[in-house]
Number of protein chains: 4
Amino acid sequence: MINTTSKRAILLETSLELFVDQGIQKTSMALISEKSQVAVGTIYHHFKSKEELIEGVYLEILESLGKHIAFTHEEEQLDFKSRFDLLWRKGYDYYTQFPNRFRFHDTYSYSPLISNQLREYARGYYQVAFDLIQEGIREGMLINTNPVLIMRWLYNSLSTIIQIKLNHEFEVTEDMVSTTLEMAWKSLTYK
Amino acid sequence: MINTTSKRAILLETSLELFVDQGIQKTSMALISEKSQVAVGTIYHHFKSKEELIEGVYLEILESLGKHIAFTHEEEQLDFKSRFDLLWRKGYDYYTQFPNRFRFHDTYSYSPLISNQLREYARGYYQVAFDLIQEGIREGMLINTNPVLIMRWLYNSLSTIIQIKLNHEFEVTEDMVSTTLEMAWKSLTYK
Amino acid sequence: MINTTSKRAILLETSLELFVDQGIQKTSMALISEKSQVAVGTIYHHFKSKEELIEGVYLEILESLGKHIAFTHEEEQLDFKSRFDLLWRKGYDYYTQFPNRFRFHDTYSYSPLISNQLREYARGYYQVAFDLIQEGIREGMLINTNPVLIMRWLYNSLSTIIQIKLNHEFEVTEDMVSTTLEMAWKSLTYK
Amino acid sequence: MINTTSKRAILLETSLELFVDQGIQKTSMALISEKSQVAVGTIYHHFKSKEELIEGVYLEILESLGKHIAFTHEEEQLDFKSRFDLLWRKGYDYYTQFPNRFRFHDTYSYSPLISNQLREYARGYYQVAFDLIQEGIREGMLINTNPVLIMRWLYNSLSTIIQIKLNHEFEVTEDMVSTTLEMAWKSLTYK
DNA sequence: CATGAATGAGGGTTCATTCAT
DNA sequence: GATGAATGAACCCTCATTCAT
């Protein structure tokens, strides 16, 4: 069982790497087999099809992200702005720590390879973010516009700075990160 | 000669549509041939390879975008904020008018299917945006951070609202659009 | 494993036949697949490409020829003329027994489809012939000219009579064969 | 008309070169068109098909060879051995002067790309060689074996030395050439 | 005569998936 | 569970040939 778990994990990790490096469709099952040292047939024991493997990669990323950004009981007690900052920082940390997961998410989350149904389902993993946004609107801390718009706005603010960091377009300083965070906050508040 | 030109245009249009609907890699040359009523061999008269066809689609979009967002002489005379708004609105108009072009750009501009060299080359088409940003920083109208960061931030602000509009997640009102534009402006200015 | 070996052998045999009958380039992988009752994909399990399949056919012929013409310990004891005759006769026997192998070799061994590197490598298989020639020159049995010239001369003498036999231009009698061998010998000796 | 003739000649020459360098089948009509600066359609004005173009190359070589080796009235008066040597030398000269023609002939004259009918027809171009051989046998100058065998033997003797020369396996001296000629003569005579 | 864009059958090759071991 | 040889449909691309100009 330990072996099984580990094979699944190895497969997900190898697939993620290959998907990000050369594209999902250009990554053949044979290549995944070779790089992960797991026979092709064995892959099909763990995932019914390539499609399911792709979904597995997608879900694992979101599930793990969800765990990473969840608030502890103590954090729940913080004021709104602190929790806003904290959530943004946690997202930043997560994707910075796992660049391939960011790249995968950024490239494929809106591609036709991920079904709408799956996308819908995955929403649960970052419900905490939606909750915070809704609380902010209710309490008058955030501007009163559609939460989905704000959600995307926040993701895009994160994405902006992480893309730059990962593409090495220029060195990203801590100053820049906090500037970006402040830009996001300023744009979503009344003054 | 009119025919020739038109064949190329038809191919680009059909390809764009199919690329966006089902993904570039899932779109076979045979399907493009069928949908565009142009023999496979003929496609290869106009584009040396599938790769070159993809690049053709990419470049055509950016070139056309570039023309659309260029300032007229009169517009050049406007004050900074007016030009900022105008540019953003032009981008919004363009992508709203050509949804597939937006989807293509949004999905593939950072995928491994577009080479860095091509991306670099295409930058020329939206140089006007860079120029405006740099002017804004120089003149103290925009916060003093890296122009590339601002560039992406602006694109992402556009992308946020267009994605929502095209995905019909909810109705996008003119109010919402101007709100989004204001969010972008507010986040990039000092007060 | 027996199956594997046999599939490879079947493929080599079928390919040889088709290559000889209609030319290498006119022989499609699909046709080889059909005639050998082996799926196209399976051919690519055994040979990385059509080129490698061609090389496989070439090498197998030369390797098998090499084994056929090797001297036994007893044969090694014979005098020079006897070994000369024996070698020539062995070559004649081999190619007469496997007409397709002769045709392949005769048609393609100097074509651009066989790389120089491969040709070089294959030389090892008929090293025994070179050795005999060099001994003959050293011992004064053969005229003192370049061994490569003699090598080709001998192959051509063989080729002359086999071509006639296989093309059924007229009946080749044992007398004719021995006449040809004597012509080769006479032309390479001093008197 | 001068133009026509010249285009045909250019096409034959270019085709010969390409056929020899990369193989007949790998040489596309488009490539011939490009290298010879003659539009594809125009090639089809001069040759009904690729097959006819190949045949054209083949026949032109043999026709030209035929003219080159024909005896003048004076040469007809020479004794047998002199004419034997002369014919062999003329063949050697011709192929040495036009290496590509030799290569083409050597590679393709027995390939399935040249029909038996055509081969038969082309025999007329070197009838002079057959005549000489038959005279030699009749007069007791040459051994009494099948003329076809002798014909091939002679061609192979030529081929042996020319192959070596063209492949630059080692430097071919005039001594070597005359040695080869003597080998051919010695092997075909009684003493 | 000359041109070269257009054609589509057919080429070599890949690859997700299956299944006997 | 694990393996990897076997499968054949489908892929991208080439090419001999045609024909409107």
Side-chain angles (χ1 to χ4, degrees), chain A residues 1 3-4 7-8 24-34 37-54, chain B residues 1 3-8 11 25-34 37-54, chain C residues 1 3-8 24-34 37-54, chain D residues 1 3-4 7-8 24-34 37-54:
Chain A
M1 157 130 186
N3 252 328
T4 298
K7 283 227 164 129
R8 201 188 132 91
I24 287 183
Q25 315 236 25
K26 250 193 129 182
T27 302
S28 66
M29 298 300 269
L31 184 59
I32 295 171
S33 158
E34 189 190 314
Q37 297 281 26
V38 172
V40 177
T42 307
I43 302 181
Y44 281 85
H45 275 290
H46 293 278
F47 302 94
K48 235 170 42 201
S49 64
K50 189 181 182 184
E51 196 184 332
E52 212 174 71
L53 173 57
I54 297 167
Chain B
M1 162 146 179
N3 254 329
T4 298
T5 310
S6 126
K7 283 241 161 109
R8 200 189 133 92
L11 286 169
Q25 315 232 31
K26 249 193 138 180
T27 302
S28 69
M29 297 302 267
L31 185 59
I32 295 172
S33 158
E34 190 189 314
Q37 295 281 33
V38 172
V40 176
T42 307
I43 302 180
Y44 283 88
H45 264 285
H46 293 278
F47 303 93
K48 252 187 358 221
S49 63
K50 188 180 183 183
E51 195 184 332
E52 212 175 71
L53 173 56
I54 296 167
Chain C
M1 162 146 181
N3 255 329
T4 298
T5 309
S6 129
K7 283 242 160 107
R8 201 189 133 91
I24 287 183
Q25 315 231 31
K26 249 192 136 180
T27 302
S28 68
M29 296 302 267
L31 185 59
I32 295 171
S33 158
E34 190 189 312
Q37 296 280 32
V38 172
V40 176
T42 308
I43 302 180
Y44 283 87
H45 264 285
H46 293 278
F47 303 93
K48 253 190 351 224
S49 63
K50 188 181 183 184
E51 195 184 333
E52 211 175 72
L53 173 57
I54 297 167
Chain D
M1 160 135 184
N3 250 329
T4 298
K7 282 226 164 131
R8 201 189 131 92
I24 288 183
Q25 314 237 25
K26 251 194 128 183
T27 302
S28 67
M29 297 301 269
L31 184 59
I32 295 171
S33 157
E34 189 190 315
Q37 296 281 26
V38 172
V40 177
T42 308
I43 301 180
Y44 280 85
H45 275 291
H46 292 279
F47 302 94
K48 236 171 40 200
S49 64
K50 189 181 182 184
E51 196 184 332
E52 212 174 72
L53 173 56
I54 297 166

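The analysis underlying the following values was restricted to heavy atoms, covering all of them including side chains, and did not include hydrogens, waters or symmetry mates. In what follows, every chain begins at residue 1, and chains take the letters A, B, ... in the order their sequences are listed. Bear in mind the structure is a predicted one, so any value in this text is a computation, not a measurement.
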Legend entry - Secondary-structure string, 5' to 3', Watson-Crick or G-U under 3.5 Å, | for another-strand partners, for DNA chain F: .||||||||||||||||||||
Legend entry - Neighbour count above 12 (heavy atom, 6.0 Å) for A/Glu52 CD: yes
Legend entry - Between F/dC15 (C1') and D/Leu53 (CG): distance, integer Å: 14 Å
Inset, instruction - Calculate, to the nearest 0.5 Å, the distance between atoms CD and OG1 belonging to D/Gln37 and D/Thr42 respectively. - result: 11.5 Å
Inset, instruction - Could you tell me the separation between the CD1 atom of D/Ile43 and the P atom of E/dA2, rounded to a whole number of Å? - result: 12 Å
Inset, instruction - Locate the shortest heavy-atom distance separating D/Lys7 from D/Val38; write the atom from each residue and the value. - result: CD-CG2, 4.0 Å
Legend entry - Whole-Å gap separating P (E/dT7) and CD (B/Gln37): 10 Å
Inset, instruction - Any chance you could measure A/Glu51, atom CD, to A/Ile24, atom CD1, to the nearest 0.5 Å? - result: 11.0 Å
Legend entry - Min side-chain heavy-atom separation B/Leu53-B/Met29 under 4.5 Å: yes
Inset, instruction - Find the distance C/Ile32:CD1 to F/dG8:P and express it as a whole number of Å. - result: 17 Å
Inset, instruction - Do nucleotides 12-21 of chain E as a string where each nucleotide becomes B, S or -: B if the base has a protein heavy atom under 4.0 Å, S if just the sugar-phosphate does, - if no protein is that close. - result: SBBBSBB---
Legend entry - Closest non-hydrogen atom pair between C/Lys50 and C/Thr27, with its separation: NZ-O, 2.8 Å
Inset, instruction - Report the distance from atom NE2 of C/His46 to atom P of F/dA5, rounded to the nearest whole Å. - result: 8 Å
Legend entry - Qualifying residues under side-chain contact (heavy atoms from CB on, under 4.5 Å), relative to C/Val40, sequence neighbours excluded: C/Ser33, C/Tyr44
Inset, instruction - Round to a whole Å and report the spacing from CZ of C/Phe47 to P of F/dA5. - result: 14 Å
